[in-house]
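Worksheet: the structure to be examined is printed underneath.
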Number of protein chains: 2
Amino acid sequence: MKEAQSKNVIVTVADVARLAGVSKATAARVLGGYGTVSDKVRLEVKAAAKALDYRPNELARSMTTGRSGTIGVVVGDIENPFFGSAVRGISDMARSAGFNVVLANSGEDVDVERAAIKTLVAKRVDGLIVSPARAGETEHLKEIGRSGRSLVLLDRAIPALGVDTVTADDRQAAEAVTRLLLARGHRRIAYVTACDTPDHLYREASDIHTASVRERIEGFIHAGRDAGISDMERWVRLGATTPDSIRSLAADLFGNVDMPSAIIASDSLIALELFKLARDSGIAMPDALSLLTFHDATWTAVTTPPVTVVRQPVYELGEAAARMLIERLKGVDAPPRHLVLPTELIERGSIAPPSR
Amino acid sequence: MKEAQSKNVIVTVADVARLAGVSKATAARVLGGYGTVSDKVRLEVKAAAKALDYRPNELARSMTTGRSGTIGVVVGDIENPFFGSAVRGISDMARSAGFNVVLANSGEDVDVERAAIKTLVAKRVDGLIVSPARAGETEHLKEIGRSGRSLVLLDRAIPALGVDTVTADDRQAAEAVTRLLLARGHRRIAYVTACDTPDHLYREASDIHTASVRERIEGFIHAGRDAGISDMERWVRLGATTPDSIRSLAADLFGNVDMPSAIIASDSLIALELFKLARDSGIAMPDALSLLTFHDATWTAVTTPPVTVVRQPVYELGEAAARMLIERLKGVDAPPRHLVLPTELIERGSIAPPSR
DNA sequence: TTGAAAGCGCTACCAT
DNA sequence: ATGGTAGCGCTTTCAA
């Protein structure tokens with residue numbers, strides 16, 4: 001802080017106008033890039049702005065225009081590569097359309113999500129993209145609409161909300177992979193998810209609050225029923241949230257005489273832990289255990305055996321969500337759209353017929 | 001838009017004040033939680049606010065207070081798990097201190113970085129955390145200080161800038177792992193980084209614009225020199241930015257009669273590709289090739305062999321950066337601090353003595 | 001404890 | 001094409 005360089009006084013349009021010898025309105029026009037000004041004046045004002053090191057105040061601008069050029073994004077966990085990709089998609093699309101992104105992490109906690117949305121709205125973001133933690137609690141989401149802002153749901157649909165949504169074809173994908181496993185001869189197939197219920201037991205689909213996972217479980221159970229397996233429910237395992245919880249869950253699964261011959265992991269974090277656990281337990285893959293996971297995380301291609309996955313177009317999911325939101329912000333008025341992006345089964349080496 | 005529910009008129013303090021039968025100033029005091037008001041009035045105002053469904057306008061608040069409660073974060077690529085963890089650390093710390101995070105992706109492009117910083121400043125973020133793409137171009141970073149805002153550098157130091165910085169002990173870590181490799185008998189050790197020069201050739205450290213990588217290369221070369229290897233430079237390979245570029249780079253490396261017996265990858269994305277390529281080329285690891293990478297990405301523990309890594313405390317890096325920034329925002333006035341977090345070598349199975 | 005009034009920096013409307 | 005001026009919704013003196 002030696003030199004008093006550009007003193008810390010804030011330079012405003014008024015200052016620039018004064019130096020340029022024009023009115024505040026005129027200076028504002030060239031600085032804000034609107035209205036009409038003569039070339040001569042434009043140059044003079046720009047010179048004055050540069051001389052004074054003028055920096056526009058977007059806050060003030062937003063204040064009068066009512067638009068902030070910002071979209072709020074609420075995801076479960078940015079550390080999860082799934083959301084990492086999605087956010088990248090969102091932010092690339094946003095940037096190319098001139099929008100900024102305010103990011104909030106909910107940690108899959110509705111209360112945090114609620115608070116985040118509240119402050120985002122208070123900060124006057126133009127619209128929001130959220131991956132709602134629980135399909136059942138929607139009051140705060142409705143609040144967004146009430147505040148006059150657009151909302152796009154990412155990866156997790158809540159039809160009752162009637163808002164634009166982008167998801168993958170979860171139910172269909174789950175059904176397909178379950179059928180695949182059945183066709184290969186598997187009868188004991190477990191589905192493992194981070195979602196949870198108070199008593200950690202799965203009873204019916206409505207217990208599952210994450211829409212995308214609920215869809216998958218429905219597909220999973222439906223495919224099993226179709227094949228004549230009536231107790232698919234007991235193969236749904238909940239609460240795989242931390243390495244520890246996955247460990248104990250796996251211990252239960254593997255320790256059972258009635259051990260599953262195949263496991264479907266609901267996300268790549270779960271699959272990674274299960275893979276480690278199986279390996280450490282000396283369970284040979286794919287012969288003693290087949291593994292399949294949702295999300296084509298980078299590592300799945302590099303293990304031995306490489307893991308068969310349901311590839312979700314995650315980046316595109318984010319891109320599409322941002323695109324839809326921006327369309328709304330530009331005034332598109334249409335009934336709520338639900339965009340479903342196709343998944344793709346990538347067969348690698350982690351599936352084989354059951355050994356017994 | 002059937003029902004005219006809460007009509008889309010914006011409710012302001014004035015409205016609340018009117019309904020509560022008090023002055024605007026008083027209403028603002030209870031709504032904004034400052035000054036002193038009688039309990040009676042407080043209750044009345046709150047009731048009125050609820051009745052009208054009042055939503056504070058943070059923009060207006062920021063406008064008058066000069067603080068936005070927001071910190072800007074500019075990283076290279078949020079899709080890279082490294083930054084994913086760091087951003088999670090930042091955002092957790094920020095949230096617990098009552099700050100929001102505006103995220104911008106530079107894609108490691110200085111021009112984008114420049115633009116991002118400009119709009120972040122225009123949006124009046126209270127301070128910034130950035131992972132500068134190039135150590136050489138600092139004008140836009142200095143600009144942050146000139147605008148009266150605090151800046152914390154994340155993972156990449158630029159000492160000349162004289163700002164708070166959080167990094168890992170890159171140089172020392174690189175030196176240590178190179179010595180380890182040398183001690184195991186390796187003499188042909190390659191260092192592969194995404195950083196690049198115009199002609200893709202490494203000549204001297206100053207060619208490398210990413211500070212953290214420059215440090216590592218210096219450590220790498222220094223350790224080699226110490227062991228009597230004079231041409232370490234030729235083992236530095238640049239431009240490993242995409243799967244394709246890594247493929248051709250690897251082809252060159254592996255195809256050489258003088259193939260390296262060990263490779264140090266500068267990040268986990270590179271390591272992953274190299275791992276795949278080596279496997280697909282039938283190069284046995286670790287016997288025919290030792291691999292070591294910076295960043296303890298989750299997948300490194302799960303491959304065969306698992307990959308030996310330099311664990312950087314990435315989440316903590318982000319946390320610390322946010323903590324330092326927030327301290328500055330709270331008025332801490334101290335000389336620039338450079339926090340160096342220790343790394344840890346995690347030996348797994350990807351290193352063995354050279355086979356020839 | 002409460003109220004009146006003056007801005008914060010900008011845009012937007014209405015004149016000229 | 002340019003200028004004057006009234007706000008945007010809030011905080012913050014200063015008085016009462």
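We name chains A, B, ... by the order of the sequence lines, and we start the count at 1 in each one. Computed from heavy atoms alone, side chains included, the values below leave out hydrogens, waters and symmetry copies.
In this model, the phosphate group of D:dT2 is not approached by any side-chain N or O of A:Ser23 to a distance below 4.0 Å at OP1 or OP2. Of the side-chain N and O atoms in B:Tyr34, none sit less than 4.0 angstrom from OP1 or OP2 of D:dT12. Contact check, A:Ser38 against D:dT2: a side-chain N or O comes under 4.0 Å of OP1 or OP2. B:Thr26 has a side-chain polar atom (N or O) that falls below the 4.0 Å cut-off from OP1 or OP2 of C:dG3. Contact between the side-chain N/O atoms of A:Thr65 and the OP1/OP2 oxygens of C:dT11 is not found at any separation under 4.0 Å.
The distance from atom CG of B:Leu43 to atom P of C:dT1 is 15 Å, rounded to the nearest whole Å. The CE-P distance, from A:Met63 to C:dA12, rounds to 13 Å in whole Å. Summarising the geometry, the separation between CZ on B:Arg124 and P on C:dC8 is reported as 14 Å, rounded to the nearest angstrom. For B:Leu31 and D:dG9, the CG to C1' distance is 11 Å, given to the nearest whole Å. Atom NZ of B:Lys24 is separated from atom C1' of D:dT13 by 14 Å (rounded to the nearest Å). Atom CZ in B:Arg55 sits about 12 Å away from atom P in D:dC10, given to the nearest Å.
Between A:Arg323 and A:Glu327 there is no salt bridge, since no side-chain nitrogen of the basic residue lies less than 4.0 Å from a carboxylate oxygen of the acidic one. Taking a cutoff of 4.0 Å between a charged side-chain nitrogen and a carboxylate oxygen, A:Glu143 and A:Lys118 do not qualify as a salt bridge.
The shortest non-hydrogen separation linking B:Gly35 to B:Arg29 is CA-CD, 4.1 Å. Nearest heavy-atom pair, B:Asp109 versus B:Ala133, reported as atom, atom and distance to 0.1 Å: N-CB, 4.4 Å.
Between A:Arg67 and B:Ala25, the residue whose closest nucleotide on DNA chain C is further toward the 5' end is B:Ala25. With the nearest nucleotide of DNA chain D identified for both B:Arg29 and B:Asn57, B:Asn57 has the one nearer the 5' end.
Nearest nucleotide to the A:Thr64 side chain, out of C:dT1, D:dG7, D:dC10: D:dG7.
Distance alone, capped at 3.5 Å, places no donor-acceptor pair between the B:Arg156 side chain and the B:Leu153 backbone.
The residue A:Thr12 sits close only to the backbone: its heavy atoms come under 4.0 Å of sugar-phosphate atoms, none of a base.
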